[in-house]
Trainee: 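Dropping the structure in here first, questions after.
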Protein chains: 2
Amino acid sequence: MDKIFKALASEPRRRILEYLAVEPMTVGEIADNFEMAMPSISKHLAVLKEAGVVREQKRGQYVLYTLMTEALTGQLYGFLAPYCGEARRIVEARPKRRGRD
Amino acid sequence: MDKIFKALASEPRRRILEYLAVEPMTVGEIADNFEMAMPSISKHLAVLKEAGVVREQKRGQYVLYTLMTEALTGQLYGFLAPYCGEARRIVEARPKRRGRD
DNA sequence: GACGTAATTTGCTATTTAGCTAAATAGGAA
DNA sequence: TTCCTATTTAGCTAAATAGCAAATTACGTC
């Protein structure tokens, strides 16, 4: 729980998720949307990966990052469950995937 | 959006919300559940208030803090909406309250 | 008024985080 | 091999955050 909220507590990281919601992208493609230098983007991606909301795949010399939507929403619904019946129902209804993907 | 994720990116602050989910409490009562000194708790509460997820009411020399459940869940569903149809439906179904309360 | 308790504000230190540039690693092309 | 491009890692600095103790404010009681 801590990792995901730390990950989301950053404007640039939330923006990265928006981009990845459209389609998987390489680090360079993502970086093109920011003023920031590439190493900074790379670091942000590592944080998102650590939080389990994106996945990385080597594609030759490129690294492709993919949004793991279910992991993102699942964790947040998990947090919301104690506060909200709708969230409890959603958590209940979802199969518990374990980082296969 | 930034304020709420910054607010939630802290273990102690998330714990405070759990306590307040049970019932409204004074700063002292909340602080009794932590090792932390009261000024630190007071600061955490200010952050949560700034994020719009708790409300404070003066009660004589005490200050009573109350969880604003709808504000908490509403903001998170707002974030989730682009990633999840269920969240979109929930956001859609809810009346947009504006910080009355 | 003076005193005691509740809470916040102030001033400080230590830690973490975000960003940078430069250097290292890894793969593809010549 | 050598060169070029993509990405990550290292090493750094500036800024933000979390905690504390001490001081201040606010209220209630004597």
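Below, chain A is the first sequence line, B the second, and so on; all start at residue 1.
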Trainee: Rounded to the Å, how far apart are A:E56 CD and D:dT8 P?
Mentor: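 That distance rounds to 6 Å.
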Trainee: How does protein contact run along nucleotides 16-29 of chain D, one letter per nucleotide 5' to 3', with B for base contact, S for sugar-phosphate only, - for none, heavy atoms under 4.0 Å?
Mentor: -SSSBBB----BS-
Trainee: Could you tell me the separation between the CG atom of A:L45 and the P atom of C:dT17, rounded to a whole number of Å?
Mentor: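 Spelled out: CG on A:L45 to P on C:dT17 is 17 Å.
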Trainee: Could you give the CD1-to-P distance, from A:I30 to D:dA6, as a whole number of Å?
Mentor: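 Answer to the nearest Å: 14 Å.
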Trainee: In whole angstrom, what separates A:I16's CD1 from D:dT7's P?
Mentor: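 Taking CD1 of A:I16 and P of D:dT7, I get 13 Å after rounding.
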Trainee: So how far is it from A:R55 CZ to A:M68 CE, rounded to the nearest 0.5 Å?
Mentor: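 One gets 6.5 Å once the value is rounded to the nearest 0.5 Å.
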Trainee: Could you tell me how far apart A:D2 (CG) and C:dT17 (C1') are, to the nearest whole angstrom?
Mentor: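 Spelled out: CG on A:D2 to C1' on C:dT17 is 14 Å.
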Trainee: Relative to each other, are the rings of A:F5 and B:F5 parallel, tilted or perpendicular (30° and 60° limits)?
Mentor: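 Correct class here is tilted.
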Trainee: Name all pairs fulfilling the ring-ring contact (aromatic ring centres under 6.0 Å, His included) condition that reach into residues 10-69 of chain B, sequence neighbours left out, sorted by first residue then second.
Mentor: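 Matches after skipping sequence neighbours: B:Y19-B:F34.
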Trainee: Quick check: does any side chain N or O of A:R14 sit under 3.5 Å from a backbone N or O of B:M1, one acting as donor and the other as acceptor?
Mentor: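 No: the side chain of A:R14 does not pair with the backbone of B:M1.
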Trainee: For A:Y65 and D:dT8, is the shortest distance between a side-chain N/O and OP1 or OP2 below 4.0 Å?
Mentor: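 Yes.
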Trainee: Whole angstroms only, please: what is the CD-C1' distance between A:Q57 and C:dA26?
Mentor: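 Distance, rounded to whole Å: 18 Å.
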Trainee: Has A:S42 got a side-chain N or O lying under 4.0 Å from the OP1 or OP2 atom of D:dT9?
Mentor: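 For D:dT9, neither OP1 nor OP2 has a side-chain N or O of A:S42 closer than 4.0 Å.
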Trainee: Rounded to whole Å, how long is the line connecting atom CG of A:L48 with atom C1' of D:dT8?
Mentor: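 Going from CG in A:L48 over to C1' in D:dT8 covers 16 Å.
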Trainee: Who pairs with A:S10 by side chain to side chain donor-acceptor pair (under 3.5 Å), at least two apart in sequence or on another chain?
Mentor: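 So A:S10 forms no side chain to side chain donor-acceptor pair (under 3.5 Å) with any residue.
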Trainee: Checking A:Q75 side chain against A:A51 main chain: does a donor-acceptor pair fall under 3.5 Å?
Mentor: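 Yes; judged by distance alone, with no hydrogens or angles, the pair exists.
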Trainee: Roughly how many Å is it from CZ in A:R15 to P in C:dA18, rounded to a whole number?
Mentor: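 My rounded result for the distance is 15 Å.
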